[in-house]
Amino acid sequence: MLNRYAGLNLYRGFESLRLRSSSDGRPVVGRATLSASGLPLAFPSRATSRADASSHRHMTDSTPTDAASSHRLRFAPSPTGFLHVGGARTALFNWLFVRKYGGAFLLRIEDTDKARSTDESTRAIFDGLRWLGLDWDEPAVYQGANVARHRSDALRLLAEGKAYRCFCTTADLDERRKAAESQGAAFVYDRRCDRLPVDEIDRRIAAGVPFTIRFRVPDGTTRWDDMVRGEIAFPNADVDDLIILRSDGTPIYNLAVVSDDIAQRITLVMRGEDHISNTPKQILLYEALGAPLPRFAHLPNILGADGKKLSKRHGATAVGDYEHLGILAEAMVNFLALLGWSAGDDREVMPRADLIALFSTEGLLRKPGVFDVKKLEWMNGQHLGMTSAEVLEPLLSPLAVSQGLATAVELATRRAWWLQLIDLLRIRGRTTVEIVRMAVPYFRDDFEYDPDAVAKQWKDRDATARLLEAVRSRLAGSGWDPVELERDLRALADELGIGAGKLLQPLRVALVGSSASPGIFDVLVLLGRERSLRRVDRALTMLAEAD
RNA sequence: GGCGGUAUCGUCUAGGGGACUAGGACACAGCCCUCUCAAGGCUGGAACACGGGUUCGAAUCCCGUUACCGCUACCA
């Protein structure tokens, strides 16, 4: 980790501030395009271009985009892990809002917790958003690049008497907190440092006693009209005097967010419900800083099957996990959109364009929802069925290659054939991974024969052998297209006096080793005459060999 | 503990005083279609947390209870 906070020189900064009555602090604008950590990733991708963003816009209906009231929303994840589905959902709603009503969707990486933030996580967040197709409209901002502004905002509050120095140590605070809790009481900071005489404060500063800066919460009640929950009010008495600047001069979350949201002129803060209790603190900070308030919207949490907030122990919770499981980004977006929002009618499966067109803040839900993987898979199957083979091919080819089914060159040479196979398989599978698995017998001869299918369809070995013998000679003389094959094979069944199924099922096992596959005549065409006959021959051999 | 939030089938939801013997979807079961599977169609079981109000009338409004979730850091 690079020492991105080097050179803060905090005590000097504090001193100079104390002598001055206001922070003259030249506004420090974060160098947004530069990653504080040196990541070469400031711009997301071509998908971020203005042109692209506006192409989304014209797909939606109406909604004014007059610059004066243009919305500015942001997604502000902390890079301490992979992009979680909860975070992805939050990002999606912010994105949907902007694509629907106009404005800008911003990305801010909250990397001020240097102990936990990693470049790898930042990359994972970019990858996840890119995969989902959630493009942001301005270069990503790194919060760590703005600590100077955060600090000057904190010092300004100090200078204006809206905050005070607190000399209490962490150890002391912990002890008092523990004591209060053991008596069943809620711990609230008793403002003892706010009552220190001026000369005592000066003495401690002179003695180099470390201090934090605490925001002095005013009397009254803080309320706001939450876009999803209606009015929420907190008596300020329940809001603790929060620390806004650590004793090492770095900012605390609530201050940093407010400072950045003001700087980025955010108009609507849409985030998870776990931030509800941070909101009064932040509103108070906006007011103290003299900045106009944004609107707030708190989305419900996403829960695991056990009803607890979704976390790693629930299994796959990173969006990247689902990408690897074979879920389509379109399906993931669709599914996530329905977790906390409803179109108001019974519409569930829909493409992104409809999601944008139908999105409305009215449809935002308050109740936490359980992440149901089964339904995600079903929805993915629906999307697979709606997506053309041409679109699916670039997704499936790498998988087929990595599974050793073929080389990329081979796939390219047999593209028409490959597309035809995809077309037959896409409505039968629920994930791309499953489709590739189903494709195995069409690529390789060493596929597995399903024991159950063999036991059931090749029960009477002699009879099956005679049957396949007949099928083989009929196949050898048949024209090789679905219509002729069907005609000839059905005729054979008639001649033999058996139902078509009695003939086709044993053949299916011979061809693909399973009792489930696309229509048998399509399978024959896909396999080709030579390979089909070879597989029948092999089945005959297997039937003869078996005791 | 304190503060805040939420409460309709197992799950996601529709519902916003009478159209509700509560609708749809996933999952589950059965049937149909059919060369199998998938898809599709049909059918079935399955819910308004509880208690008070308000009202001619409450899933819908109000209060309380309960349950669950979140927050309660010199984390974000």
Side-chain angles (χ1 to χ4, degrees), chain A residues 76-80 110-113 115-117 143 166 168-170 173-174 177 180-188 210-214 226 229 232-235 237-240 242-248 250-254 256-257 272-280 298 300-301 303 305 307-309 335 338-340 342-349 365-379 381-382 384-385 424-430 438 453 457 486 489-490 493 499-505 507-509 512 514-521 523:
Chain A
S78 54
T80 54
E110 309 225 319
D111 55 355
T112 49
D113 181 354
R116 295 193 299 160
S117 300
Q143 188 165 66
C166 177
C168 298
T169 64
T170 309
L173 254 12
D174 284 346
R177 189 175 350 258
E181 278 164 9
S182 71
Q183 288 171 27
F187 174 77
V188 280
F211 57 85
T212 61
I213 293 184
R214 269 187 200 272
D226 197 276
R229 287 151 209 277
I232 300 179
F234 281 79
D238 292 330
V239 182
D240 218 7
L242 57 146
I243 290 174
I244 53 179
L245 203 66
R246 293 187 185 88
S247 52
D248 69 356
T250 58
I252 289 293
Y253 170 72
N254 281 302
V257 189
E273 70 172 311
D274 40 343
H275 285 285
I276 289 179
S277 44
N278 279 323
T279 308
H298 289 93
N301 277 329
L303 277 19
K308 303 257 193 267
K309 191 177 168 187
F335 180 74
L338 259 23
L339 221 44
S342 164
D345 55 18
D346 291 331
R347 290 206 56 192
E348 295 199 300
V349 181
L365 273 7
R366 293 162 297 280
K367 197 179 82 167
V370 173
F371 190 89
D372 183 356
V373 183
K374 277 274 198 303
K375 188 150 185 173
L376 203 213
E377 287 175 351
W378 164 78
M379 184 164 281
Q382 294 292 312
L384 244 14
L424 292 176
L425 259 23
R426 77 197 159 93
I427 53 162
R428 275 167 249 264
R430 291 199 154 190
M438 292 189 298
Q457 305 301 340
E486 175 156 17
L489 254 17
R490 282 191 189 281
K502 287 269 183 279
L503 182 152
L504 268 18
Q505 279 301 81
L507 173 60
R508 190 187 309 279
V509 175
V512 297
S514 153
S515 56
S517 84
I520 196 75
F521 310 111
V523 170

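In the text below, chain A, chain B and the rest are named by the order of the sequence lines, each starting its count at 1.
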So CD1 of A/I520 and CG of A/L489: to nearest 0.5 Å the spacing works out to 8.5 Å

To the nearest 0.5 Å, atom CZ of A/R229 lies from atom CG of A/L365 at 10.0 Å

Assert: residue with more 5' nearest nucleotide on RNA chain B, out of A/F521 and A/R229, is A/R229

For B/C75, the nucleotide meeting Watson-Crick or G-U wobble distances (both under 3.5 Å) is none

Next on the checklist: Determine whether a donor-acceptor pair (N or O, by modelled atom type, separation under 3.5 Å) exists between the side chain of A/D248 and the backbone of A/T250.
Outcome noted: yes

Between A/S514 (side chain only) and A/A516 (backbone N and O only), is there a donor and an acceptor less than 3.5 Å apart? yes

Answer for the Watson-Crick or wobble partner of B/U55, both distances under 3.5 Å, is none

Side chain to side chain contact (heavy atoms under 4.5 Å, CB included) filter on A/D372, not counting sequence neighbours, yields A/K374, A/K375

Rounded to whole Å, CG of A/L425 lies from C1' of B/A39 at a distance of 13 Å

Note: A/E348 and A/L338 closest approach over all heavy atoms is O-CD2, 3.5 Å

A/L503 CG to B/U34 P, in whole Å, measures 18 Å

When A/A233 and A/E486 are each assigned the nearest nucleotide of RNA chain B, the 5'-most assignment goes to A/A233

Between NZ of A/K374 and C1' of B/A27 the distance, given in whole Å, is 7 Å

Considering only heavy side-chain atoms of A/K367, the closest of B/U8, B/G40, B/C35 is B/U8

Here the pair of heavy atoms bringing A/S515 nearest to A/A453 is N-CB, 3.7 Å

By the 4.0 Å heavy-atom rule, please label A/I276 as base, sugar-phosphate, or nothing. sugar-phosphate

Under a 3.5 Å limit on both distances, the Watson-Crick or wobble mate of B/A39 is none

Name the nucleic acid region contacted by A/P300, choosing base, sugar-phosphate or nothing; use a 4.0 angstrom heavy-atom cut-off, strictly under. nothing

What interatomic distance, in whole Å, is found between C1' of B/G17 and the corresponding atom of B/C61?
8 Å

To the nearest angstrom, the CG-C1' distance between A/L384 and B/A38 comes to 11 Å

- Task: Taking A/R214 for its side chain and A/L242 for its backbone only, find out whether a donor-acceptor pair lies under 3.5 Å.
- Result: no

* Asked: What distance, rounded to whole Å, do you find between the two P atoms, one in B/U13 and one in B/C20?
  -> 23 Å

Have a look at A/S342 and say if it touches a base, only the backbone sugar-phosphate, or nothing, with a 4.0 Å heavy-atom cut-off. sugar-phosphate

side-chain N/O A/R430 vs B/A27 OP1/OP2, d < 4.0 Å = yes

Atom CZ of A/R366 and atom P of B/C12 are separated, to the nearest Å, by 15 Å

Between B/C3 and B/G64, how far apart are the two P atoms, rounded to whole Å? 13 Å

Interatomic distance at P, B/C9 relative to B/A22, whole Å:
14 Å

Under a 3.5 Å limit on both distances, the Watson-Crick or wobble mate of B/U21 is none

Discussion item. I'd like the P distance from B/G16 over to B/G23, given in whole Å.
Written reply: 14 Å

Checking all strands, does A/G369 fall into the base, sugar-phosphate, or nothing category for heavy-atom contacts under 4.0 angstrom?
sugar-phosphate

B/U60 -> Watson-Crick or G-U wobble partner, both distances under 3.5 Å, gives none

Side chain to side chain contact (heavy atoms under 4.5 Å, CB included) assessment of A/F234 paired with A/T279
CA-CA 9 Å; A/F234 281 79; A/T279 308; over 6 Å; no

- request: Might you work through the side chain to side chain contact (heavy atoms under 4.5 Å, CB included) test for A/Q457 and A/R508, ending with a clear yes or no?
  value: CA-CA 9 Å; A/Q457 305 301 340; A/R508 190 187 309 279; over 6 Å; no

Answer for the Watson-Crick or wobble partner of B/G70, both distances under 3.5 Å, is B/C3

The nucleotide from B/U36, B/G4, B/A39 with an atom nearest the side chain of A/I232 is B/G4

Quick tally for nucleotides 19-25 of chain B: nucleotides whose base has a protein heavy atom under 4.0 Å get B, sugar-phosphate-only ones S, the rest -, giving ----BBB

Going 5' to 3' through nucleotides 61-76 of chain B and flagging B where a protein heavy-atom sits under 4.0 Å of the base, S where only the sugar-phosphate is that close, and - otherwise, we get --------SSS-SBBB

Checking N1-N3 plus N6-O4 or O6-N4 for Watson-Crick, or N1-O2 and O6-N3 for wobble, each under 3.5 Å, the partner of B/A47 is none

To the nearest angstrom, the CD-C1' distance between A/E377 and B/A39 comes to 17 Å

Looking only at heavy atoms, the pair that brings A/Y253 and A/N278 closest together is CE2-ND2, 3.9 Å

Task: Side-chain N,O (A/Q183) to OP1/OP2 (B/G2) below 4.0 Å - done: no

| task | Would you classify A/F234 as touching base, sugar-phosphate or nothing, given that sugar-phosphate means primed atoms plus P, OP1 and OP2, and contacts are heavy atoms under 4.0 Å? | result | sugar-phosphate

For the pair A/L504 and A/F521, evaluate side chain to side chain contact (heavy atoms under 4.5 Å, CB included) and give the outcome as yes or no after the intermediate values. CA-CA 9 Å; A/L504 268 18; A/F521 310 111; 4.0 Å; yes

ask   = Expressed as a whole number of Å, how far does the P atom of B/A67 sit from that of B/G44?
value = 37 Å

Original post:
In whole Å, what separates the P atom of B/G4 from that of B/G57?
Top reply: 34 Å

Taken to the nearest whole Å, CE/A/M379 to P/B/A39 is 15 Å

Touch check for A/G344, heavy atoms < 4.0 angstrom, all strands: base, sugar-phosphate only, or nothing? sugar-phosphate

| task | Indicate, with a heavy-atom threshold strictly under 4.0 Å, whether A/L365 touches base, sugar-phosphate, or nothing. | result | sugar-phosphate

Quote, to the nearest angstrom, the P distance that separates B/C62 from B/A25.
31 Å

For B/U34, the nucleotide meeting Watson-Crick or G-U wobble distances (both under 3.5 Å) is none

From CE of A/M438 across to P of B/C37 the rounded distance in Å is 14 Å

- [ ] Please answer whether the main-chain N or O of A/H298 pairs with a side-chain N or O of A/R366 as donor and acceptor at a distance below 3.5 Å.
- [x] no

